[in-house]
There are 2 protein chains.
Amino acid sequence: MIINRLKKLGLKITPQRLAILNLLEGNIKHPSAEEIYNQLKPQYPSLSLATVYNTLDVLARAGALQEIRIKAEKRHFDPNPVPHGHFLCRICESIHDLDVGPLEIQTPFNIRDYLVKDYTLYFYGICPRCRKRDRSSNQ
Amino acid sequence: MIINRLKKLGLKITPQRLAILNLLEGNIKHPSAEEIYNQLKPQYPSLSLATVYNTLDVLARAGALQEIRIKAEKRHFDPNPVPHGHFLCRICESIHDLDVGPLEIQTPFNIRDYLVKDYTLYFYGICPRCRKRDRSSNQ
DNA sequence: CACCAATTTATAATGACTATAAAATAAAAT
DNA sequence: ATTTTATTTTATAGTCATTATAAATTGGTG
């Protein structure tokens, strides 16, 4: 239950937070703050972009979701807070989860006197969809 | 020779480019564009911040260096263009190279129909220096 | 239901970066 | 060596995601 997740974090239950968490629940599209705002605005006309940013910040800092900085200009958000690989398609600009087996690491860990609490792993290239499209259009 | 590197890339040899490449040569501090600008300005008073950005962009796109997006607000630059791990200390904000053996991957590679041409691997935590300082101040 | 701290909202501010267009210059052509 | 031309540099204005601000609203405890 989303309400309980908020309660556990000691956060007040507000319609805005519920809406944002609901939108993200099970969402694998990794939306940006603006996309979240635009998708919720019709249902919540009073919603402010600042609230979306605030809420995402609070939730990310509480470890309830994860910020993705795979694109230069914009942040994106993943409801799964556990570090895992992400992929950005250089053609269609879509973002995908991409777990690459042996690369996935448990945090925190120690290496050469560095205490690593967290990590991000970003891949860049061409997604299956665009590869397929490319191949067929080139024939 | 730095001049030859520029020639090989088909770029004109300008004092600004030489200065920037010289500053980066063997530099393991991963400076930002602004830091590069501030360090060079005294010797090259006519230097413009836009030139620093332009040059770094050109060189990065040519594969002569690497942009590091480990910090939210600012880009940093690494003269080593080969993908490798980077570490950001959450206390002193310093950036270090951090190679973690089995994690290092050869690019490009294929995985589940994704064509991965490039990747970034960013670690976050506490650097050896800050850990040491913490330990001694807490006693 | 009243209170108060937390939250939301609208808007202004920030700041890294990019675009622009004029001036300067590297290097090829003469 | 000089001319020529495309590239580069420069100063400055513009962009845009994000953050700060402060007033208005509201969730939840007593």
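Reminder, nothing fancy here: chain letters follow the sequence lines and each chain counts from 1.
Residue B:Asp57 contributes atom CG, which lies 10 Å from atom P of C:dC17 at whole-angstrom precision. Rounded to whole Å, atom C1' of D:dT9 lies 11 Å from atom NZ of B:Lys41. Atom-to-atom, OH of B:Tyr37 to P of C:dA16 comes out at 13 Å; the value is rounded to the nearest Å. The distance from atom CG of A:Asn38 to atom C1' of D:dA17 is 14 Å, rounded to the nearest whole Å. Going from atom CD of A:Glu34 over to atom P of D:dT15 covers 16 Å, rounded to whole Å. Distance CD1 (B:Ile20) to C1' (D:dT9): 11 Å, rounded to an integer number of Å.
Here ring-ring contact (aromatic ring centres under 6.0 Å, His included) pairs that include residues 11-63 of chain A, with residues two or more places apart or in two chains, are A:His30-A:His86.
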Do any N or O atoms of the protein come closer than 3.5 Å to N or O atoms of nucleotides 6-9 of chain C, and which pairs are they?
unit_1, atom_1, unit_2, atom_2, d
C:dA6, O4', A:Lys12, NZ, 3.2
C:dT7, OP1, A:Lys12, N, 3.4
C:dT7, OP1, A:Arg17, NH1, 2.7
C:dT7, OP1, A:Arg17, NH2, 3.2
C:dT7, O5', A:Arg17, NH2, 3.3
C:dT8, OP1, A:Thr14, OG1, 2.4
C:dT8, O3', A:Gln16, NE2, 2.8
C:dT9, OP1, A:Gln16, NE2, 3.1
C:dT9, OP1, A:Ser46, O, 2.8
C:dT9, OP1, A:Ser46, OG, 2.6
C:dT9, OP2, A:Ser48, N, 3.2
C:dT9, OP2, A:Thr51, OG1, 2.8
C:dT9, O5', A:Ser46, O, 2.9

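Heavy atoms from other residues, nucleotides or ligands lying under 6.0 Å from NZ of B:Lys41 number more than 12.
Ring geometry for A:Tyr119 against B:Phe123 counts as tilted: the plane angle lies between 30° and 60°, on a 0 to 90° scale.
One finds a salt bridge joining B:Arg5 and B:Glu25 here, because a Lys/Arg side-chain nitrogen approaches an Asp/Glu carboxylate oxygen to under 4.0 Å. In this structure, B:Arg69 pairs ionically with B:Glu67, as a charged nitrogen and a carboxylate oxygen lie closer than 4.0 Å. Remark: A:Glu35 does not engage A:Lys29 in a salt bridge, criterion side-chain N to carboxylate O under 4.0 Å. Classification of A:Arg75 and A:Asp57 as a salt-bridged pair holds, one side-chain N sitting under 4.0 Å from a carboxylate O.
Judged purely by distance below 3.5 Å, without hydrogens or angles, the side chains of B:Arg131 and A:Asn110 pair a donor atom with an acceptor atom.
Of the residues in residues 65-76 of chain A, A:Glu73, A:Lys74, A:Arg75 come within less than 4.0 Å of DNA chain D through at least one heavy atom, sorted by number.
Phosphate contact (OP1/OP2 of D:dT19, side-chain N/O of A:Tyr53, threshold under 4.0 Å): absent.
As the counterpart of D:dA6, C:dT25 is assigned, both hydrogen-bonding distances of the Watson-Crick or G-U wobble pattern falling under 3.5 Å.
The shortest non-hydrogen separation linking B:Leu49 to B:Ala33 is CD1-O, 4.2 Å.
Counting any heavy atom pair closer than 4.0 Å across all strands shown, B:Leu49 reaches no nucleic acid atom.
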